[in-house]
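Everything on this sheet refers to the single structure shown next.
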Amino acid sequence: MGTDDLATVLGSLRPSYGDAGLIGADPQLCAQILRVDGIAVSATTDSGLSELLWSTAGPSARLEDLQFTLGQGPGLDVTASVAPVLVPDLSSVPADRWPALLPEATALGIGAIFCFPLSLGSACLGTMTLQRGTPGPIADATMLDVSLVANALVALLLDGGPRQTSFADADDASDFYRAAVHQASGMISVQAGTSLAQALLLLRAHAYRHGRPVVEVAEDVVARRLSFQNDENGPDTPAGEGTEGP
């Protein structure tokens, strides 16, 4: 992989006409150029939730889902601090840093994680997370390529357009990956009589307890296959945890 390959990726990050995504290019090729096994790019909505925009299949995509479901991980730390989180050896991370995420990430075969902010000044627009199965740091020469890709992604996120507006608003009609989560949080807020923030926590907790991606649980809520209404006549489950409903 050389400069020509990097130029190809940078030149194709902007989606082609008719492409439904916000980011074009081949994520697997980008990961190979950056000498990692996987890459994932998530952006932050106005409501503070994240949306997975682009990733390699397998561990990278699953890691983003886990962070979203568990509410912990390098992506959330980067969003809060607007500073990179570099973990060349996941086994060396203290168990209490990401207690729920660490065993899950290890089970995925991830040995190293490098998460970078996609930022403009003090505003974090999103994150770019690289992961590798083998522990070890990113080489200094490769770090320059990482910066070039991150800067190109920031420019892309700032470009605007109808898709970007729909993403930022995360309206119920949006076809973005986690649009159902926004809609489900609103429904749970009404059902459980709680705030939107607490509703999201209930949704995440239910997904984690049942070993399911939070998006799948959200889709069940939206389809009214799952209700978080505290019904004393319902199934014998903890109040607010979520009960199967018509």
Side-chain angles (χ1 to χ4, degrees), residues 1-47 49-68 73-75 78-79 82 84 108 110 113-121 123-133 138 141-171 173-182 213 215:
M1 296 292 174
T3 55
D4 289 345
D5 297 299
L6 178 60
T8 297
V9 168
L10 293 175
S12 59
L13 282 174
R14 188 174 302 279
S16 303
Y17 179 78
D19 192 336
L22 281 174
I23 303 175
D26 178 5
Q28 188 60 56
L29 176 59
C30 186
Q32 292 173 4
I33 291 170
L34 300 182
R35 301 184 184 279
V36 291
D37 295 332
I39 182 172
V41 173
S42 291
T44 305
T45 69
D46 289 347
S47 61
L49 296 179
S50 67
E51 173 71 32
L52 177 61
L53 301 180
W54 186 68
S55 76
T56 50
S60 286
R62 181 59 181 148
L63 178 64
E64 293 299 295
D65 271 342
L66 283 169
Q67 292 187 83
F68 188 80
V78 167
T79 299
V82 198
L108 289 174
I110 296 175
I113 298 176
F114 312 97
C115 189
F116 302 88
L118 302 178
S119 59
L120 183 66
C124 188
L125 307 177
T127 59
M128 178 178 73
T129 304
L130 313 177
Q131 61 81 19
R132 193 193 304 124
I138 294 179
T142 304
M143 195 63 81
L144 175 60
D145 293 343
V146 170
S147 297
L148 291 173
V149 173
N151 289 337
L153 288 168
V154 169
L156 194 59
L157 291 176
L158 290 172
D159 188 49
R163 293 278 299 172
Q164 179 72 9
T165 300
S166 177
F167 161 72
D169 293 341
D171 54 59
S174 170
D175 59 354
F176 284 102
Y177 181 58
R178 292 184 177 129
V181 174
H182 297 268
V215 174

Check step by step if side chain to side chain contact (heavy atoms under 4.5 Å, CB included) holds for L108 and L66.
CA-CA 11 Å; L108 289 174; L66 283 169; 3.8 Å; yes
Using modelled atom types and a 3.5 Å cut-off, is there a donor and acceptor pairing between side-chain atoms of E64 and backbone atoms of L52?
no
T79 OG1 to L125 CG distance, which is reported to the nearest 0.5 Å:
10.0 Å
For the atom pair OG (S42) and CD (E51), what is the distance rounded to the nearest 0.5 Å?
7.5 Å
Would you mind reporting whether L63 and I113 have side-chain heavy atoms less than 4.5 Å apart?
yes
Which of P74, P117, C115 passes side chain to side chain contact (heavy atoms under 4.5 Å, CB included) with T127? Answer is C115
Does L157 reach the side chain of V41, with side-chain heavy atoms less than 4.5 Å apart?
no
How far does CG of L34 sit from CE of M143, to the nearest 0.5 angstrom?
10.0 Å
Nearest heavy-atom pair of G75 and Q67: which atoms, and what distance?
N-OE1, 2.7 Å
Side chain to side chain contact (heavy atoms under 4.5 Å, CB included) filter on T56, not counting sequence neighbours, yields P27, Q28, A31, I39, S60
Rounded distance [0.5 Å steps], CZ in F116 versus CD1 in I138
4.0 Å
Interatomic distance, D26 atom CG to D5 atom CG [nearest 0.5 angstrom]
11.0 Å
Taking every non-hydrogen atom, the tightest pair across R132 and R35:
NE-O, 3.4 Å
With L130, which of V149, D37, V146 fulfils side chain to side chain contact (heavy atoms under 4.5 Å, CB included)?
V146
Output for pair (S12 OG, I23 CD1), nearest 0.5 Å, gives 11.0 Å
